[in-house]
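Accompanying notes for the structure given below.
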Number of protein chains: 2
Amino acid sequence: MARTREFDEEQVLHAAMQLFWEKGYEATSLSDLTARMGITRPSIYSAFGDKKELFEAALRKYTMTRASEMRTKLQSNPSVKEAFRTFFEDVIAEEYSGGPSRGCFCINTMVELAPHDEKFEILTREHQMYLSVIFQETIERGIQSGELKAVADAKALAQALITSLIGLTVILKSRPQRAFVDNTLDVTLSLLK
Amino acid sequence: MARTREFDEEQVLHAAMQLFWEKGYEATSLSDLTARMGITRPSIYSAFGDKKELFEAALRKYTMTRASEMRTKLQSNPSVKEAFRTFFEDVIAEEYSGGPSRGCFCINTMVELAPHDEKFEILTREHQMYLSVIFQETIERGIQSGELKAVADAKALAQALITSLIGLTVILKSRPQRAFVDNTLDVTLSLLK
DNA sequence: AAAATAACGTACTGATCGGTATGTTATTTG
DNA sequence: CAAATAACATACCGATCAGTACGTTATTTT
């Protein structure tokens, strides 16, 4: 041990996450990163490795946080149908809140890097699979409570809902009319019965 | 008039389209483009303008071709349900065919550029809206023929299907298990009744 | 207090980026 | 045939890229 770090690793990683989330991997330069993170270039390399490793750390932080938030939101509502509707409506509200349309960091990465980098193919796939399990558990809770019909194939339904969520998140980037989104949501949630 | 072009504009634009489709805007360099298009840098600039204008031309070519193909595919099957299933299965088969997972050029652009460039926000949105109209017309054909229930809200249903198609196209980039995709497809198509 | 060590800031590296100036070659028009 | 013109190839531009060498400063350990 010698001199102590003058920055908080979690804090600067959070800053890097925000930037990568907003701009993607290629469009974010090291200069952008040092400016936003508030630390110098060598500090980044000593703490996180190269640009791609930093990106990976940022994405891992994102997926963990996101999965946890999602689980909490879905569990907080006793009605499964309401839980899903609120969840989807929050995603929509986030995009229409005026700020830059960041969408989902994991989905952005799935599009930009997964096809050319196996590490990110796996990382993004596993996150989506994990989310679909959270959906599935929520659906199963609805079946247990009698709110949903027992004949429903919870797993298949969860996977279809995740796919719709991805589609919704992506198309929101093109800022479609509100009616498009509302229609999509109504039809998609009609699968829960 | 003077010396005549030694290259075919359509042909080199097609090459540029393939490259942008595969790698995206930022990750494609002018050197990549000259190599694949087989023409020199100044030739690109005189024929198409700068990199972003070339990208736009490539995307426009893609969306026109794609919309036309889609219309043809959906119209070629007398059964609307079968038409949709075949259409979705072709999208899936394309991604599992072994080659590089390019997905949909328009969706890729929606993720990479739409949030930071209004021109592409509009261009990608209008393409998706156009596709949803094609879906809607197909659903209406099914209602007319009696294959689908008349109570269906054709427009809302079409929009939900487009959203699912986007989600499916995106998640295919992470190469999920075949069962995930099959489940999603079955549940999604169950909306057509 | 002295030696060791790790984080710091500065300044630099070669490579590559998008874009262009310039001279040459080929075709058209007068 | 000669003048005009546009597409060609080469070679270059300044800017920026990701990544690092190196000397300084601060903290820990002996």
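Any value given below was found using the heavy atoms of this structure, including those in side chains, with hydrogens, waters and symmetry copies removed. Within every chain, numbering begins at 1; the chains are lettered A, B, ... in the order of the sequence lines, protein sequences first and strands thereafter.
Taking a 4.0 Å limit (strictly below) on heavy-atom distances, residues 39-50 of chain B reaches DNA chain C at B:Arg41, B:Pro42, B:Tyr45, B:Asp50. Near DNA chain C, meaning a heavy atom under 4.0 Å from it, residues 6-33 of chain B has B:Thr28, B:Ser29, B:Leu30, B:Ser31 in order of number.
Between A:Thr169 and A:Cys104 the shortest heavy-atom distance is CG2-N, 3.7 Å.
Applying the side-chain contact (heavy atoms from CB on, under 4.5 Å) rule to B:Arg175 yields the partners A:Glu121, A:Arg125, B:Ser101; only residues at least two apart in sequence or on another chain are considered. Scored by the ring pair (Phe, Tyr, Trp, His ring centres under 6.0 Å) test, A:Phe120 finds A:Phe55 as partners (sequence neighbours excluded). A search for side-chain hydrogen bond (donor to acceptor under 3.5 Å, both in side chains) contacts involving A:Arg141 returns nothing, not counting sequence neighbours.
With A:Arg85 as the fixed residue, the salt bridge (Lys or Arg N to Asp or Glu O under 4.0 Å) test singles out one of A:Asp90, A:Asp186, A:Asp182: A:Asp186.
Sorted by first then second residue, the salt bridge (Lys or Arg N to Asp or Glu O under 4.0 Å) pairs that include residues 5-15 of chain B, not counting sequence neighbours, are B:Arg3-B:Glu6, B:Arg5-B:Glu9, B:Glu10-B:Lys61.
Judged by a 6.0 Å distance limit and a 45° cone about the ring axis, B:Arg66 is not positioned over the six-membered ring of B:Phe105.
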